[in-house]
Amino acid sequence: MLRLVAVTKRFGARTVLDGVSLELAAGEYVAILGESGIGKSTLLNVIAGLEPVDAGQVFFDGNEITRLDDDALTRLRRDRYGFVFQAFHVLPQLSVGQNVALPLLLRGITDPARVAAALADVGLQGREQSSPRELSGGELQRVAVARALVGSPSLILADEPTGNLDPGNAGQVLKIFRDAVKAGGAAAILATHSVQAAAGCDRRYRLSARGLEPLP
């Protein structure tokens, strides 16, 4: 489904990604471990087409996304990708249900039943009308997971999704995330600095100046 071939990304004189290669099949859940600032977020941005590469190629379902124009990349992210961020990015001016519905609305889909089901899957059934201000940090991250999954994406990119959570909430969110990924058959990449967070993944890699190194 996803294939990176010798991807290199530089910011000025600094090489952040140096010949990174990776393959990911449908249904696989992979962790990218690394210290803060090593380039995990940059790697996800390259996969999403938000950052151009300086060398190498990125393929998604056999199509080279590094050759796509901005409009095609926008459609790809809208229709095939789901995103979960450390900072939640739940919009406070919208209700919980409206936040979860956003990926569908961007595709011209109105489906309250689908939104309700996505919230039920993360243990927030009946909270569609709640304000994000009424929710705890763990609940906000569950809203973010529901939003990422509601559109049935083929690939989910999660960038430190538990970095702002206490261990109890982090474990709960990670279990919900893994269960949902496996049930839906999506491929997923978890970027994290936490060995504990990566423990539930099918494969683990460490990102360093030497590239991606497989971990046991």
Side-chain angles (χ1 to χ4, degrees), residues 1-4 6-25 27-51 53-54 56 58 77 81-90 122 135-149 153 155-182 186-216:
M1 173 180 285
L2 179 70
R3 183 161 63 98
L4 279 67
V7 167
T8 297
K9 176 64 183 178
R10 304 182 187 91
F11 292 105
R14 182 185 174 219
T15 298
V16 178
L17 304 175
D18 191 5
V20 171
S21 296
L22 176 69
E23 292 195 23
L24 185 64
E28 281 194 298
Y29 183 23
V30 169
I32 306 295
L33 285 144
E35 62 191 41
S36 296
I38 198 65
K40 301 187 300 298
S41 295
T42 299
L43 179 59
L44 296 188
N45 287 340
V46 163
I47 292 169
L50 294 168
E51 290 281 0
V53 300
D54 292 296
V58 179
R77 289 190 292 267
Y81 285 13
F83 300 88
V84 185
F85 305 97
Q86 177 177 350
F88 314 145
H89 293 307
V90 174
V122 299
L135 274 57
S136 67
E139 289 172 329
L140 287 171
Q141 192 58 292
R142 282 189 274 158
V143 171
V145 170
R147 182 179 58 197
L149 298 171
L155 176 65
I156 302 165
L157 304 175
D159 192 1
E160 297 281 9
T162 59
N164 287 329
L165 302 180
D166 62 74
N169 276 313
Q172 185 181 35
V173 165
L174 287 169
K175 184 181 186 307
I176 289 168
F177 185 60
R178 176 183 169 79
D179 290 350
V181 167
K182 291 299 181 179
I189 298 176
L190 170 69
T192 182
H193 66 274
S194 169
V195 174
Q196 291 81 9
C201 295
D202 302 321
R203 288 187 282 136
R204 288 160 290 279
Y205 296 86
R206 184 168 298 281
L207 181 62
S208 70
R210 296 182 297 275
L212 274 183
E213 303 169 288
L215 295 172

Exercise for review: Indicate the ring-plane relationship of Phe85 and Phe83, choosing parallel, tilted or perpendicular according to the 30° and 60° boundaries.
Suggested key: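 Parallel: the ring planes of Phe85 and Phe83 meet at under 30°.
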Under a 4.5 Å cut-off applied to non-hydrogen side-chain atoms, are [X] and [Y] in contact?
X	Y	answer
Leu215	Val195	no
Arg147	His89	yes
Leu135	Val143	yes
Pro161	Val145	no
Val30	Arg203	yes
Gln141	Gln86	no
Ile189	Ile156	no

Can you tell me how far apart [atom1] ([X]) and [atom2] ([Y]) are? Round to the nearest 0.5 Å.
X	Y	atom1	atom2	result
Leu174	Gln196	CG	CD	10.5 Å
Asp166	Gln172	CG	CD	9.5 Å
Leu24	Arg3	CG	CZ	13.0 Å
Leu33	Tyr205	CG	OH	12.0 Å
Asn169	Thr162	CG	OG1	10.5 Å
Lys175	Phe177	NZ	CZ	14.0 Å

Practice item. Report yes or no: does Asp54 contribute a side-chain atom to a donor-acceptor pair with the main-chain N or O of Arg10 at less than 3.5 Å? Key: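 Present.
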Revision key, fill the gap. Only residue of Val20, Thr42, Val16 satisfying side-chain contact (heavy atoms from CB on, under 4.5 Å) with Leu207 is Val20
Check your understanding: Under the criterion side-chain contact (heavy atoms from CB on, under 4.5 Å), which of Leu4, Leu43, Leu212, Thr8 is the partner of Leu17?
Key ->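 Single pass found, and it is Leu43.
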Atom of [X], atom of [Y] and distance for their closest heavy-atom approach:
X	Y	answer
Ser194	Ala197	OG-N, 3.0 Å
Val90	Ala144	CG2-N, 4.5 Å
Leu157	Ala48	CD1-CB, 4.0 Å
Asp159	Ser41	OD2-OG, 2.6 Å
Glu213	Ser208	OE1-OG, 3.3 Å
Ala148	Val84	CB-CG2, 3.5 Å

Check your understanding: Does Lys40 pair with Glu160 as a salt bridge, N-O distance under 4.0 Å?
Key ->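 Salt bridge between Lys40 and Glu160, a charged N being under 4.0 Å from a carboxylate O: yes.
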Practice item. Go through the steps to decide whether Arg77 and Leu50 satisfy the test side chain to side chain contact (heavy atoms under 4.5 Å, CB included), and finish with yes or no. Key: CA-CA 9 Å; Arg77 289 190 292 267; Leu50 294 168; 3.6 Å; yes
**Study point:** Verdict with supporting geometry, Val7 and Ser21, side chain to side chain contact (heavy atoms under 4.5 Å, CB included)
**Key:** CA-CA 6 Å; Val7 167; Ser21 296; over 6 Å; no
Review point. Is the number of heavy atoms from other residues, nucleotides or ligands within 6.0 Å of NZ (Lys182) greater than 12?
Key: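 It does: Lys182 NZ has more than 12 such atoms within range.
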Exercise for review: Determine, step by step, whether Arg178 and Asp202 satisfy the side chain to side chain contact (heavy atoms under 4.5 Å, CB included) criterion, reporting the C-alpha distance in whole Å, the side-chain angles of both residues, the deciding distance to 0.1 Å, and the verdict.
Suggested key: CA-CA 10 Å; Arg178 176 183 169 79; Asp202 302 321; 3.6 Å; yes
